[in-house]
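Down below is the structure, laid out as structure tokens.
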There are 2 protein chains.
Amino acid sequence: MFEPITIKDIAKALGLSTSTVSRALRGGYEISADTKKLVLEYAEKINYHPNPIALSLKERRSHSIGVVVCEVANNYFSQAINGIESIAYNRGYHVIITQTHESFDREVVNVQHMASRSVDGLLISLSSETKDLSHIKYLHEKGLPIVFFDRVAADIETHKVVANNYQGAFDATEHLIKAGFRKIGHLTSSPTLSITKERLEGYKAALAAYNIPFRESYLKNCEHGGMIQTEVESAVRELITMTDRPDAIFVAGDKLSTGCLTTVKKFGLKVPADIAIAGFTNSDVAELFNPPLTSIRQPAFKIGQIATEMLIQLIESKYPVTEFITTRLDTELDIRKSSEYQPVPKYTF
Amino acid sequence: MFEPITIKDIAKALGLSTSTVSRALRGGYEISADTKKLVLEYAEKINYHPNPIALSLKERRSHSIGVVVCEVANNYFSQAINGIESIAYNRGYHVIITQTHESFDREVVNVQHMASRSVDGLLISLSSETKDLSHIKYLHEKGLPIVFFDRVAADIETHKVVANNYQGAFDATEHLIKAGFRKIGHLTSSPTLSITKERLEGYKAALAAYNIPFRESYLKNCEHGGMIQTEVESAVRELITMTDRPDAIFVAGDKLSTGCLTTVKKFGLKVPADIAIAGFTNSDVAELFNPPLTSIRQPAFKIGQIATEMLIQLIESKYPVTEFITTRLDTELDIRKSSEYQPVPKYTF
DNA sequence: TTGTAAGCGTTATCAT
DNA sequence: ATGATAACGCTTACAA
């Protein structure tokens, strides 16, 4: 039903062979200027476009890169995707986005589908369920260019781009400590994720730096990274109902932070009077939140850009790359000033 | 360098012809049970997967659907995309997402790219710059299945799925009126968009229903739908600094609503004491906002789902579809209770 | 300079 | 029941 203009049509119309037409359309060597012009003009006229599928089949590449993230509906990732696109677009690559919804099975399916559709490379942020990396290792060993960002795989040797999670967590925790809190809980994502580990280390280091003992009971993991509200709720409930409960929480994750805020509010706790919260979030409206949230911002856009640049470099390098680097970008602590948090008039309408 | 397991490899290994292998792999007629089993088991063992590119070339279809939205970093669209995916995934389709960033040129490029890569159908929400629809009309006339959602094209005959923007706008405006406001401004997106027009009509109708005259000066358009902060800022500034300024604003759009809130706060106005705001937003944390925002929620997930179902129906229907329907889903007015907006203690840490 | 033919991976048609 | 062949659209040795 659709767009049957092929190189053959041109050849027939012009009384040439398909190869001559092909040559005219491609680079210009081995062809007479006249023929070339003729073909080019005719192709233009009938609005010919080469069939990229045929090209992919032939060249075994697709000029597209695949992206694997857990969720698009997450400020960090949607910003990262914008960064990815900004680079890919003007380097002539198209971007295929897939979501895992934190499911390992889904990750495997997505990765395999994209690989088999000949994406030229993969940009991956692991799902929180992922422990086994063989589906990725397999492709990596076959030579498919892969760059990890955010949630990276420890034992796959390739480029990686992440925020300085350790330092961000340290800063956030230290911020809480300096504000006078010493009983600081930590609400975080799946313990298998690299970001979870790095942030936990930063948190522990800050506690240690101020001689505050780490307490196991103050640590809560949410496997689904805040996508499931009930999971956050029960974790937060446990934190705030335990004996000798924390008076502050350091939260590691975008959805987790907002989920925590929502829950705390639901339970009638005032922030920061009853409990203070500092969390990783890239929400552009974080400063509008009430209860207030001190947020650790990740350079998501930049991370997406760098990861994409590295991937394209990998794709286009003629020789196998042997040295892989991990780029670590600083986070930013966004502290609200107390003056901004004036009581608001009652909402009467 | 990559995944050279083809039907040929199986044929060679098993001493069969490629056609026999193909038959064994497909449906099962005209083949002996033994051979079939042999092939299937071997294919399984060496982890064979058919090359979708080759299939696409042959079948002239790709089992993928293309999505065109302005931004992924927008609560409405990221939720809609989740709806789209949820249906596409278990109907065996893959989803390719592209963003226009409200640019017409980008829309044209994206649409053409996807069409030429043989997507089986297109799910489109128009960019705010789009006036000329010929790039879409062309494909539509060629027979490419297209379903519009949210920002729809008036003069292209196909399925469309939208929220009841008229009613939503009416409800929001009426809500403000009933709360005692009579000078209600309207901050909205590009006047070319269907949603803009529908919402404007709803707003006007509500004013009329309460005998409030419509004032041209109270209407502000933002071409970029809130993606550019300065644009929102100057529009809001104009609204709140004019003589006889509005005491309430009805805002039409996700980013626009949060942008409006941010700006109003920046200018030191209290909500709703100085100015009340009701706006379309799908933010899952809207209830955390301070200043408070009364929000009109769109069933984004559902809209995505229905649009996808319709598209797949179009794709898979054997006969040309002649009757096209527009589905209109109700919005929901989310009014915060005044009791939830207690003054918060000063943020002292 | 141009044409012929093979091949990318698969399936459908036709023989056998 | 199985194999050979052509075809999907394109590029590229290799011939002419």
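Residue numbers start from 1 in every chain, and the chains themselves are labelled A, B, ... in the order their sequence lines are given, proteins ahead of strands. All of these numbers come straight from a predicted model, not from anything done at the bench.
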May I ask you to evaluate whether [X] reaches the phosphate of [N], defined as a side-chain N or O under 4.0 Å from OP1 or OP2?
X      : N       : value
T6(A)  : dG9(D)  : no
Y48(A) : dG9(D)  : no
S32(B) : dA1(D)  : no
S17(A) : dT4(C)  : no
S19(B) : dT11(C) : no
K8(B)  : dC8(C)  : yes

So if I take every side-chain heavy atom of [X] and compare against [options], which nucleotide ends up nearest?
X      : options                  : value
R26(A) : dT11(C), dT11(D), dT2(C) : dT11(D)
R60(A) : dG3(D), dC10(D), dC8(C)  : dC8(C)
R23(A) : dC14(C), dT2(C), dC8(C)  : dT2(C)
K58(A) : dC10(D), dT11(C), dT2(D) : dC10(D)
L55(B) : dG3(C), dG9(D), dT10(C)  : dT10(C)
T18(B) : dG3(C), dG9(D), dT11(C)  : dT11(C)

Under 4.0 Å, counting only non-hydrogen atoms across every strand here, what does L16(B) touch: a base, just sugar-phosphate, or nothing? sugar-phosphate

Base, sugar-phosphate, or nothing: which does T35(B) touch, judged by heavy atoms less than 4.0 Å apart? sugar-phosphate

May I ask you to test the [X]-[Y] pair for a side-chain heavy-atom distance under 4.5 Å?
X       : Y       : result
I303(A) : Y76(A)  : yes
E71(B)  : N82(A)  : yes
I306(B) : L329(B) : yes

Hits for salt bridge (charged side-chain N to carboxylate O under 4.0 Å, His left out) against E85(B), two or more places apart or cross-chain, chain-then-number order -> R106(A)

V21(B) vs E59(B), nearer the 5' end of DNA chain D by closest nucleotide: V21(B)

Enter the inter-axis angle for the ends of the helix from dT1(C)-dA16(D) to dT16(C)-dA1(D) (five pairs per end, rounded to 10°). 60°

What is the distance from [atom1] of [X] to [atom2] of [N], rounded to the nearest Å?
X      : N      : atom1 : atom2 : answer
L14(A) : dG3(C) : CG    : P     : 10 Å
I7(A)  : dG3(C) : CD1   : P     : 13 Å
I53(A) : dC8(C) : CD1   : C1'   : 13 Å

Sorted by chain and residue number, the ring-ring contact (aromatic ring centres under 6.0 Å, His included) partners of Y93(B) (sequence neighbours excluded) come out as H63(B)

Would you kindly say whether D132(B) and S134(B) are connected by a side-chain donor-acceptor distance under 3.5 Å? yes

Spatial distance of atom SG (C70(A)) from atom CG (L126(A)) [nearest 0.5 Å]: 10.5 Å

